[in-house]
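Because the structure is predicted, anything quoted here is derived from the model rather than measured.
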Amino acid sequence: MQEGTSLFSFPLGQPVPIFLLVLVIILVAPIIFDRLRIPRVVGLIAAGVIVGPYCLNLLAYDASFVIFGEVGILYLMFLAAIEINMYHLKRNIRSGLIYGLLTFAIPMVAGLLVSRFVFSVSWLTSALLAVMYAAHTLVSYPTVSRFGLASNKGVVIAVAGTIVAVLLALLTLAEVVNISNTGYFSWNELLLLGVYSAVYGVALYFIFPRVTEYFFRKYNDPVAQFIFILAMVFVSSLVAELIGLEAILGAFFGGLVLNRFVPERSVLMRRITFVGNAIFIPYFLIGVGMLINVGVLFSGWGVIFCASVMAGVSLLSKWGAVALTRMAYRLDRSEGMMMFGLSSGKAAATIAATMIGYQWGLLSEELMNGAVVMILICCVVATLVTDGAAKRIRIRLTTREMEEEMEAEKMHPSRPLVAVANPLTAESLTRLAAFMRSRQNPHPLTLLFVRNNDNPMRQRSGRDALVAASAAALDVNVEAKEVERYDINVVTGLTNTMKERNATEIMLGFHHRSNLVDTFFGSITEQLVKTTNKMVILNRCFLPVDTLRSIYVYVPRNAEYETGFKTWLTRVSHLSMQIGRRVNFLAGRQTVPYIENYIKERRFEYSRKYLEMESWDDFIIHSSAISSDDLFIVIYARKGSLSRAGDAEAMPAYISRHMAHANIVMVYPAQFGDT
């Protein structure tokens, strides 16, 4: 304790009471404001205003808030990039770029004219004010994340547009400062920054994925992976600052590059969102509130006039950009309101522009105070609008998803039975089963261990496998039921449990050949396939399925005529959407239209590519591209079925010889209905 400093003197100066008060605010503010039906983001900002130096003065805006606030805004931009669905981003990147240009250009033009002729300031000061109107921060993004709307079209366009607008605003701000300092405009610095940015982007794109892949293979510890991801984000932010860009842009670009390593339902994603939403982002929002001096409203009508004009220009110009984008891309009203809410918040870049302008004498005290009040108004409006739009979209999506799930449950029900016996493979089996079904599926996974003797070693191994499988299901937020069964033999136990649980498919591990005369599939799998007509899935993944690079699916000729065609295609589609990987279908020319039509009919949204395969030679050529980082799914067929051909006979030998280290899933589709 510093000399002369009491533990409870105000503003608080000791670490323990400071952190305790912040934790109390993070805990209590959302509870209170939820009851008042006020968004949590507004509550945290308002709490920052109340305890800050301009109100009760309980907390000073010291180094801890500077550090945690900076980390919080970087975390916010990183979350926006990591949660975004890359398939939706690629589909909407053009509209996002156009929206970014509009949401920068319209506020810039309006800001220049209004500031020049209403406030009667110089063109340089007008440009600075225009930058404050054009730049925005995703202050209300936590609301989007809480409602699970990161893949909504309006959100994707707004997030992509934010990067464009912020980048252009920061470049303009840098030139305003340069002109104020030197008295002239320089193209050389802009060109040099453009070259640095291009090199930075290329280096990030090629280096980060390779380093991350290497680290994730070497270290499976979840804490180490979490720290590594955060370190990579801050490396990208630091390098961005070194070349003259803002750290928030580096955090976003780093998040985009690392996106495929953090699937939506992975344990790593849960840890990242938990830490951000629990500590860093609330710290940032409280810090924003502490910077706002509401008292300036009572310093005279001049501040109120400035704040009203500035907030009006900022909000109306942003709405104009949204309206034009809505008309161009036929977005509905809720999506438009979502875009407006995300694009209206002011924090990082606007605060920086305000401070720089005041320090360089470009802003009078009245304009600076007006800018502070504008930031508060814009943050409140952004949060309220985003919250209202998110609720409407979530209700609409939930209703549609429930209807689709009910229809899908009638047509292609999903009640998988996961047979486990080995603790080393139980987690992989469970994760694959969880990712191959819809997120709205109400049925729990059935985890089954079958034994036909009282061997204590086998009992212990099987029970350990059940525990590992249950933990894996819990990690991906899926309910699971454990079943241990004693039966006359393993196949009888599996088939009887399937009937008792009304299972739609069974998933088990790949057979390991123990000697030269042993078959590829093993006696248990061969008997099971003969005994049941349900879908049977065999899994051999050496890497976690949610960390694989892409998916290849071998589709035999005439597969579209099999009873289980739509069912396995539904499972593959869910898998792709859950882990965010592209699917490469190796299929015949006549089969491709059936696959594509069904995907469009069910409105599955994921990246896919068709590799035509008319002969076994075509398969050999395409399969050479499958690496140890990919997942190879083989749609196999029972003997005597329509899609059983000579290729099927050659497949086991080919896999044994040429794909011994590949991640393989073999699927026997359901046959002849339920009888």
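Between the side chain of Ser576 and the backbone N or O of Arg581, at least one donor-acceptor pair lies under 3.5 Å. In this structure a side-chain-to-backbone donor-acceptor pair under 3.5 Å is missing from Arg437 to Ser414. The backbone N or O of Ala134 lies less than 3.5 Å from a partner atom in the side chain of Lys318, making a donor-acceptor pair. Within the 3.5 Å criterion, the main-chain N or O of Leu543 finds a donor-acceptor partner in the side chain of Asn663. Within the 3.5 Å criterion, the main-chain N or O of Ile351 finds no donor-acceptor partner in the side chain of Lys346. Judged by distance alone, with hydrogens and angles left aside, the side-chain atoms of Thr103 form no donor-acceptor pair with the main-chain N or O of Gly100 at under 3.5 Å. At least one donor-acceptor pair under 3.5 Å links the side chain of Asn584 to the backbone N or O of Ile551. With hydrogens and angles ignored, the 3.5 Å screen pairs no side-chain donor or acceptor of Ser314 with any backbone N or O of Met310.
Checked against a 6.0 Å centroid threshold, the rings of Tyr552 and Phe632 do not count as neighbours.
Each of Phe208, Tyr214, Phe261, Phe215 was evaluated against Phe228; a single residue qualifies, Phe215, per the ring pair (Phe, Tyr, Trp, His ring centres under 6.0 Å) test. For the pairing with Tyr598, the side-chain hydrogen bond (donor to acceptor under 3.5 Å, both in side chains) check across Arg602, Glu601, Glu596 returns one residue only, Arg602.
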Side chain to side chain contact (heavy atoms under 4.5 Å, CB included) between Ile286 and Ile26, worked out: CA-CA 9 Å; Ile286 294 170; Ile26 295 173; 4.0 Å; yes
Side chain to side chain contact (heavy atoms under 4.5 Å, CB included) assessment of Leu575 paired with Val545: CA-CA 9 Å; Leu575 175 63; Val545 68; 4.2 Å; yes
Criterion side chain to side chain contact (heavy atoms under 4.5 Å, CB included) on Asp475 and Arg431, from CA distance to verdict: CA-CA 9 Å; Asp475 283 341; Arg431 285 179 176 275; 4.1 Å; yes
Verdict with reasoning, Met374 to Ile377, per side chain to side chain contact (heavy atoms under 4.5 Å, CB included): CA-CA 5 Å; Met374 175 197 70; Ile377 294 172; 5.7 Å; no
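With rounding to the nearest 0.5 angstrom, the CD1 atom of Ile45 is 5.5 Å from the CG atom of Leu285. Note that CZ of Phe68 is 13.5 Å distant from CD1 of Ile281, once rounded to the nearest 0.5 Å. Annotation: the span from Leu168 atom CG to Ile163 atom CD1 amounts to 11.0 Å, rounded to 0.5 Å. If you take CZ on Arg146 and OG1 on Thr273, they are separated by 13.5 Å, rounding to the nearest 0.5 Å. Distance check, rounded to the nearest 0.5 Å: CG of Leu324 to CD1 of Ile106 gives 5.0 Å. The structure places CG of Leu102 at 11.0 Å from CG of Leu97, a figure rounded to the nearest 0.5 Å.
A salt bridge is absent between Lys153 and Asp332: the closest approach of a Lys/Arg side-chain nitrogen to an acidic carboxylate oxygen does not fall below 4.0 angstrom. Between Arg260 and Glu213 there is a salt bridge, with a side-chain nitrogen of the basic residue lying less than 4.0 Å from a carboxylate oxygen of the acidic one.
Taking every heavy atom of both residues into account, Ala47 and Ala29 meet most closely at CB-CB, 4.4 Å. The nearest pair of heavy atoms linking Leu445 to Pro416 is CD2-CG, 3.3 Å. In terms of heavy-atom proximity, Tyr606 sits nearest to Ser573 at OH-OG, 2.9 Å. Counting all heavy atoms, side chain and backbone alike, Ser95 lies closest to Asn92 at OG-O, 2.8 Å. Asn277 and Pro282 make their closest contact through O-CG, 3.2 Å (heavy atoms, listed as atom of the first residue, atom of the second, distance). Met269 approaches Val262 most closely through the heavy-atom pair CE-O, 3.5 Å.
By the 4.5 Å heavy-atom criterion applied to side chains, Val555 and Leu569 are not counted as neighbours. Using a 4.5 Å heavy-atom threshold, the side chains of Val155 and Ile393 count as separate. Using a 4.5 Å heavy-atom cutoff, the side chains of Ile229 and Gln225 are not in contact. With a 4.5 Å cut-off on side-chain heavy atoms, Phe147 and Asp387 count as touching. Counting only heavy atoms from C-beta outward, the side chains of Leu384 and Pro39 approach each other to under 4.5 Å. For the pair Leu249/Leu170, a side-chain contact is recorded, criterion being any heavy-atom separation below 4.5 Å from C-beta on. Between Thr386 and Val41 the shortest side-chain heavy-atom distance does not fall below 4.5 Å. Residues His574 and Phe604 are in side-chain contact: their nearest non-hydrogen atoms beyond the backbone lie under 4.5 Å apart.
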Kindly list each side-chain donor-acceptor pair under 3.5 angstrom involving residues 69-85, sequence neighbours excluded, with atom names and distances?
unit_1	atom_1	unit_2	atom_2	d
Tyr75	OH	Ile272	O	2.6
Glu83	OE1	Tyr141	OH	3.0
Glu83	OE1	Ser145	OG	3.2
Glu83	OE2	Ser145	OG	2.9
Asn85	OD1	Tyr87	N	2.9
Asn85	OD1	His88	N	3.3

If you look only at distance, which donor and acceptor atoms sit under 3.5 Å apart when one is on a side chain in residues 195-206 and the other is two or more places apart or in another chain?
unit_1	atom_1	unit_2	atom_2	d
Ser197	OG	Leu193	O	2.7
Tyr200	OH	Ser236	O	2.8

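Remark: the Lys90 side chain and the Ser607 side chain contain no N/O donor-acceptor pair separated by less than 3.5 Å. Side-chain atoms of Thr162 and His136 include a donor-acceptor pair closer than 3.5 Å.
With sequence neighbours excluded, the residues that form a side-chain contact (heavy atoms from CB on, under 4.5 Å) with Arg333 are Arg326, Met337, Arg392.
Ring orientation note: the planes of Tyr610 and Phe585 are close to parallel, at an angle under 30° on the 30°/60° scale.
The environment of CD1 in Ile207 is sparse: at most 12 heavy-atom neighbours from other residues, nucleotides or ligands sit within 6.0 Å.
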